[in-house]
2 protein chains.
Amino acid sequence: MKSPSSQPRDRGIPEATVARLPLYLRALHGMGERGITTVSSEDLAVAAGVNSAKLRKDLSHLGSYGTRGVGYDVEYLVYQISRELGLTQDWAVAIVGVGNLGRALANYGGFVSRGFRVAALVDADPEVVGDTIAGLNVEHIDELEAVIKRRGVSIVVLATPAAAAQKVCDRVIAVGVTSILNFAPVVLSVPESVDVRKVDLSIELQILAFHEQRKAGGPLMAVDGQ
Amino acid sequence: MKSPSSQPRDRGIPEATVARLPLYLRALHGMGERGITTVSSEDLAVAAGVNSAKLRKDLSHLGSYGTRGVGYDVEYLVYQISRELGLTQDWAVAIVGVGNLGRALANYGGFVSRGFRVAALVDADPEVVGDTIAGLNVEHIDELEAVIKRRGVSIVVLATPAAAAQKVCDRVIAVGVTSILNFAPVVLSVPESVDVRKVDLSIELQILAFHEQRKAGGPLMAVDGQ
DNA sequence: ATCCCTTTGTGAACCGATGCACAAAGTCGG
DNA sequence: CCGACTTTGTGCATCGGTTCACAAAGGGAT
């Protein structure tokens with residue numbers, strides 16, 4: 001049942017591949033800046049920290065953009081990946097919760113450079129509402145819905161305390177937001193149609209601790225584990 | 001060849017399971033605080049946002065800590081998971097790079113509450129060296145090695161600009177650090193024996209953008225994609 | 001124009017993770 | 001003490017992702 005599409009690109013990119021595309025993109029950007037115009041799968045793979053077979057398979061899901069015997073054209077590949085990820089359009093992002101983390105995110109350069117635009121900052125604390133952070137006025141949480149609609153926000157970043165996250169989440173979903181990046185350490189309950197990605201800083205540390213413990217205790221504990 | 005271990009716990013926990021243990025731990029902590037003493041795999045699974053079969057299989061890798069017909073004892077399970085993750089000991093963490101992000105991390109409550117102790121803050125900017133952040137004195141990057149040894153730091157968090165990350169990374173590895181949490185948007189090159197976990201805030205946004213684009217453009221672009 | 005060399009794109013084997021479905025093991029009421 | 005009921009722990013089928021290894025495709029030299 002596969003369509004005999006002349007378009008090489010097959011609309012059904014594996015999730016694992018999608019998660020790596022930004023990595024390739026970053027590596028390609030670096031190369032472009034260094035004046036490299038063409039790159040082999042082997043070199044790009046090293047720069048992105050993956051193996052070359054995986055890289056080639058990943059890229060093959062987007063289409064046949066390489067030249068056998070030569071490699072990939074850096075600029076062209078940047079464009080293709082950007083387009084696939086949807087980075088050729090500009091995305092208005094709202095950050096809710098302007099504590100330390102929210103502030104850090106608002107100032108984070110990595111966003112703007114990738115087609116994301118922080119279009120609004122929102123907080124509940126009257127102390128910070130009205131402040132200017134990263135060139136933006138912090139607005140009151142009561143204005144949440146109005147701000148989202150007015151600024152055309154389509155992605156919301158939650159950097160609120162855990163207790164507030166679900167409530168804010170419900171409200172933004174109610175006004176049509178379907179993509180949420182959640183930094184609050186809670187499991188959000190959302191309808192099927194909404195995408196939530198979560199980043200939990202302490203989880204990463206815990207995973208490191210697990211491995212670190214093994215390294216430290218491993219040789220000794222092997223006796224016990226045996 | 002499986003040992004007839006009386007120790008139920010088999011030293012070889014799947015990576016995917018390790019990554020979920022902190023999630024279970026968080027859910028269990030919440031339940032403990034709400035006075036719940038016993039929980040079924042079904043309830044815990046819901047609280048952690050996974051399905052119950054997966055949860056049971058995950059826990060079975062640590063040992064047989066449930067009671068059939070009843071469920072799991074919350075406190076006991078918290079202890080077992082904590083021990084497995086190595087959270088029963090205290091880990092000294094150094095944060096290198098005290099920009100917005102480093103500052104946010106230094107103040108992040110989620111660390112302390114999990115057995116992690118921010119033991120040192122280090123930066124290269126003379127402007128911030130000497131400042132007190134989250135009760136800690138910011139030390140100069142030249143002191144990096146000395147600070148790590150003196151404070152017994154075993155996990156380093158890199159929150160430096162991309163350009164500085166590899167250099168700092170090399171230096172901390174040289175003094176024996178084998179666990180690194182990297183927020184800088186670069187692929188670090190490290191020896192096999194060193195564990196690096198990376199968090200790239202803009203990657204998460206890019207993945208969201210990809211899915212958002214599909215949702216928005218999907219029905220329309222199908223025409224073109226055809 | 002032909003041959004050799006390089007590098008892509010992919011078929012196929014492999015590997016780990018997921019989810020189903022159920023037997024085993026325990027509790028509790030009578 | 002027994003039988004009904006609940007919930008765990010796991011064998012097994014399945015699935016998605018990774019890796020290997022090679023045929024197909026192109027470039028460049030002669």
Where protein sits on nucleotides 15-24 of chain C, one letter per nucleotide: B base, S sugar-phosphate only, - none, heavy atoms under 4.0 Å: --SSBBB--B
Starting at atom [atom1] of [X], determine the distance to atom [atom2] of [N], rounded to an integer number of angstrom.
| X | N | atom1 | atom2 | value |
| --- | --- | --- | --- | --- |
| B:L62 | D:dG9 | CG | P | 10 Å |
| A:L77 | C:dT8 | CG | C1' | 13 Å |
| A:E42 | D:dA21 | CD | P | 15 Å |
| A:H61 | C:dG9 | NE2 | P | 12 Å |
| A:L59 | C:dT8 | CG | P | 9 Å |

Output yes when at least one side-chain N/O atom of [X] is less than 4.0 Å from OP1 or OP2 of [N], else no.
| X | N | answer |
| --- | --- | --- |
| B:S64 | D:dG9 | yes |
| B:S41 | D:dT8 | yes |
| A:Y65 | C:dT7 | no |
| A:Y72 | D:dG26 | no |
| A:S40 | C:dT7 | no |

Gap between atom OG of B:S113 and atom OH of B:Y108 - 0.5 Å precision: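 B:Y108 atom OH to B:S113 atom OG measures 7.5 Å (nearest 0.5 Å).
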Distance-only donor-acceptor check, side chains B:Y76 and B:Q80, under 3.5 Å: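 B:Q80 and B:Y76 do have a side-chain donor-acceptor pair below 3.5 Å.
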Pairing of A:R56 and A:E42 as salt bridge, 4.0 angstrom limit: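 A:E42 and A:R56: not salt-bridged.
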Beyond-backbone contact of A:S179 with B:K215, side-chain heavy atoms, under 4.5 angstrom: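 Touching, per the 4.5 Å side-chain cut-off.
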Side chain proximity check, B:F183 to B:I95, heavy atoms < 4.5 angstrom: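 Result no, sub-4.5 Å side-chain heavy-atom pair not found.
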Under 3.5 Å donor-acceptor, B:R26 side chain and A:P185 backbone: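 Side chain of B:R26 to backbone of A:P185: a pair is present.
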N/O donor-acceptor pair under 3.5 Å between A:Q213 side chain and B:E84 backbone: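 Yes, the answer is positive, given that a donor and an acceptor are paired below the 3.5 Å cut-off.
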A:S60, nearest nucleotide to its side chain (from D:dT7, D:dG9, C:dT10):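 The answer is C:dT10.
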